[in-house]
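When a residue number appears, it is its place in the shown sequence, counting from 1. No hydrogens, no waters, no symmetry mates; every other heavy atom, side chains included, goes into these values.
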Amino acid sequence: MILAVFLLAPHDVKTEHVDEALELLERDSRWFSLRGGPRQPQATDRVWDPVAVYAPDELSEEEFQDLYELNRPQVPELNLKY
């Protein structure tokens with residue numbers, strides 16, 4: 001199983017488990033593109049599922065990076081070491 005992290009908007013993130021990390025996924029009538037992963041986090045005090053990061057397909061790389069940084073404090077999976 002892969003944990004998909006969907007960056008919807010600043011401070012608005014949704015996560016769900018998926019069987020595979022497709023390049024494009026539709027959620028709630030919106031297209032999301034795979035922007036990172038799936039990658040296996042290093043072990044900590046628990047075992048983590050591989051993580052894949054998705055963002056709205058229409059975002060540029062710079063907009064994605066900004067959205068990622070805005071959401072990083074509230075999403076533990078975005079702060080793990082890989």
Compare all side-chain heavy atoms of L3 with those of P50 and state whether any distance is below 4.5 angstrom.
no
Calculate, to the nearest 0.5 Å, the distance between atoms CG and NE2 belonging to L67 and H11 respectively.
9.5 Å
Would you give the length of the straight line joining atom CG of L24 to atom OH of Y54, rounded to the nearest 0.5 angstrom?
8.5 Å
Report the residues that fulfil salt bridge (charged side-chain N to carboxylate O under 4.0 Å, His left out) with E23, sequence neighbours left out, ordered by chain and then residue number.
none
Distance-only, no hydrogens or angles: does the R39 side chain make a donor-acceptor pair with backbone N or O of K81 under 3.5 Å?
no
Do L25 and I2 belong together in a cluster built from hydrophobic side chains that touch within less than 4.5 Å?
no
Are L80 and L78 linked, directly or through other ILVMFWY residues, by side chains that come within less than 4.5 angstrom of each other?
yes
What's the verdict on side-chain contact (heavy atoms from CB on, under 4.5 Å) for F64 and V53, showing C-alpha distance, side-chain angles and the deciding distance?
CA-CA 10 Å; F64 160 69; V53 179; 3.9 Å; yes
Could you check whether any side-chain N or O of E77 sits under 3.5 Å from a backbone N or O of A52, counting only pairs where one atom can act as donor and the other as acceptor?
no
Donor-acceptor contact present, side-chain N71 to main-chain A9, <3.5 Å
yes
Nearest atoms (heavy-atom pairs only) where E58 meets W31:
OE1-O, 4.4 Å
In terms of heavy-atom contacts, L8 and K14 come closest through CD1-CB, 4.0 Å
Checking side-chain contact (heavy atoms from CB on, under 4.5 Å) for the pair R35/L7: CA distance, chi angles, key distance, verdict?
CA-CA 10 Å; R35 301 297 181 109; L7 305 177; over 6 Å; no
Take R72 and E69 through the test side-chain contact (heavy atoms from CB on, under 4.5 Å) and record every step on the way to the result.
CA-CA 5 Å; R72 198 162 112 163; E69 287 303 320; 3.6 Å; yes
Heavy-atom count check: over 12 atoms from other residues, nucleotides or ligands less than 6.0 Å from D19 CG?
no
Please evaluate residues Q65 and E61 with respect to the criterion side-chain hydrogen bond (donor to acceptor under 3.5 Å, both in side chains), reporting the C-alpha separation (whole Å), side-chain torsions for both, the decisive distance (0.1 Å), and the verdict.
CA-CA 6 Å; Q65 292 293 332; E61 182 62 25; 2.8 Å; yes
Do Y68 and L59 land in one hydrophobic cluster if side-chain heavy atoms of ILVMFWY residues count as linked below 4.5 Å?
yes
Should V18 and M1 be marked as a side-chain contact (heavy atoms from CB on, under 4.5 Å) after you check the CA-CA gap, both sets of side-chain angles, and the distance that decides it?
CA-CA 6 Å; V18 296; M1 243 343 147; 5.9 Å; no
Parallel, tilted or perpendicular, as decided by the 30° and 60° cut-offs, for the rings of F6 and F32:
perpendicular
